[in-house]
2 protein chains.
Amino acid sequence: MLKLTKKADYGLIALKHLAMRNPAETASAKDIADAYGIPLPLLSKILQKLAKSGFLRSEQGTNGGYRLARDPREMTALEVIRSIDGPIILTSCFTEHGECHHSGRCSVREPLRKVHDGILRLLNNITIRDIASEDMEVPAPDVDVQVYRLKPSGLAAHASK
Amino acid sequence: MLKLTKKADYGLIALKHLAMRNPAETASAKDIADAYGIPLPLLSKILQKLAKSGFLRSEQGTNGGYRLARDPREMTALEVIRSIDGPIILTSCFTEHGECHHSGRCSVREPLRKVHDGILRLLNNITIRDIASEDMEVPAPDVDVQVYRLKPSGLAAHASK
DNA sequence: CGATATAGGACCGAACCAGTCCTTGATTAC
DNA sequence: GTAATCAAGGACTGGTTCGGTCCTATATCG
Ligand code: SF4
Ligand code: SF4
């Protein structure tokens, strides 16, 4: 169904929140939870994960809270989502032990692996800073995701829509 | 978790299977199920959906089965997946009635919508024929998915990985 | 008729998601 | 030193979706 978990949403919200303020100050889980209406205990565990993954640095005690541990330009959406939701698996055969039992006969595995890579590359090119920036552009054609496309031979694009 | 359902996998397998053979002959659900080890009743309903969505034409009775209803170049992975799994929703707020209750305050909704669009565009550029073609290329940088990227200002690419 | 097809509804177990609750432990303010 | 404030983390639950099975009805060919 190709959906992101809400935990990932919340994690991104929190990181964006932190990326948009003075890196000197911390924000507590409660601050963020209140600001966006996210259940506190849920957000807490997300932030804990992000801290363990090295995105956040935590400070306990009164006036404690979280602050970014790295430059938001160095945090990609891919890494963040991975850290919260676990590995991204477009199909169940792309995980370590999740071998689909027809991976032998399956004819779409390789094609889907390319799609998978495309999505990863897309997410990998988005940084927290991108997300935090107010105005963004849908820019000129660029490297990024490379979809496989038939040889030079025609078969024009039926993209858009 | 960003996973495709197995039903979608199966649907793509079936379409690929049909795309790679003489368009004159039909293949029954059983044929395909046996060929790839897919449970027959499950595959049946997938094929039914694909038929109702206009990808397949079905013929009942002995020697019946399914055949492609359209040119495989005109069937995109996006449409197929949509037809089987329902609408693709990266986050729960992108569906008609699935309004997330913080869509008001949420700060990542718009950015994620762009990611969503990127994924859609990616899937929309893949046709069944692409999937059926033996050799594919990961071609030159091309139009396709446009990830938003900061203004001209530097912030070089930290793509790859 | 009877074999082979599609068409489609009902059902079920397992997994996963979103969220809650409760306990522990560090740090600061008073 | 004690209380308030914070993070850390385990256990549990209700709801939904997924993957799959089963059973019946209908169409078509030989
Ligand atoms: S092997 Fe084929 S059917 Fe199984 S998960 Fe991978 S792509 Fe899907
Ligand atoms: S509104 Fe925000 S939190 Fe809710 S589903 Fe959309 S992106 Fe996720």
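Proteins get letters first, then strands, A, B, ... in listed order; numbering begins at 1 in each.
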salt_bridge(A:Arg67, A:Glu59) N-O dist < 4.0 Å: yes
Nucleotides bounding contact with chain B, strand DNA chain D, heavy-atom threshold 4.0 Å: D:dC18 to D:dC29
Sidechain-backbone polar pair: A:Lys3 side chain, B:Leu2 backbone, donor-acceptor under 3.5 Å: no
Sugar-phosphate or base contact per nucleotide [nucleotides 24-30 of chain C; S, B, -; heavy atom under 4.0 Å]: --BBBS-
Side-chain heavy atoms of B:Ile46 within contact of B:Tyr10, under 4.5 Å: yes
Flag side-chain contact, heavy atom, 4.5 Å: B:Arg121 against B:His116: no
Test item: A:Thr26 and A:Tyr66 side chains (from C-beta on) under 4.5 Å apart, heavy atoms: no
Atom-to-atom span, CG of A:Leu40 to C1' of C:dC22 - whole angstrom: 13 Å
Residue whose closest nucleotide on DNA chain D lies nearer the 5' end, B:Tyr10 versus A:Ser58: A:Ser58
Residues which pass salt bridge (charged side-chain N to carboxylate O under 4.0 Å, His left out) with B:Arg57, listed by chain and number, not counting sequence neighbours: none
Close side-chain approach of A:Ile13 and B:Cys106, heavy atoms under 4.5 Å: yes
Result of checking B:Leu122, B:Asn125, B:Leu120 against B:Leu78 for side chain to side chain contact (heavy atoms under 4.5 Å, CB included): B:Leu120
Side-chain touch B:Leu68/B:Phe55, heavy atoms, less than 4.5 angstrom: no
Side-chain atoms of residues 31-41 of chain B: list all donor-acceptor pairs with protein atoms under 3.5 Å, sequence neighbours left out, distances to 0.1 Å.
from, atom 1, to, atom 2, distance (Å)
B:Asp31, OD1, B:Ser28, OG, 3.3
B:Asp31, OD2, B:Ser28, N, 3.1
B:Asp31, OD2, B:Ser28, OG, 3.3
B:Asp34, OD2, B:Lys30, NZ, 2.9
B:Tyr36, OH, B:His17, ND1, 2.8

Side-chain heavy-atom pair A:Leu123, A:Ile88 within 4.5 angstrom cut-off: yes
Spacing of A:Lys7 atom NZ relative to C:dT20 atom C1', expressed in whole Å: 12 Å
Exercise: identify the closest heavy-atom pair between A:Ala14 and A:Leu47: CB-CD2, 3.7 Å
Proximity to DNA chain C (any heavy atom under 4.0 Å), residues of residues 43-51 of chain B only: B:Lys45, B:Gln48
Atom-to-atom span, CG of B:Leu42 to P of C:dC12 - whole angstrom: 18 Å
Those residues of residues 21-39 of chain B lying under 4.0 Å from DNA chain C by at least one heavy atom: B:Ser28, B:Ala29
Integer-rounded Å distance: C:dC17 C1' and A:Asp9 CG: 13 Å
Distance (rounded to the nearest 0.5 Å) between A:Lys114 NZ and B:Ile126 CD1: 10.5 Å
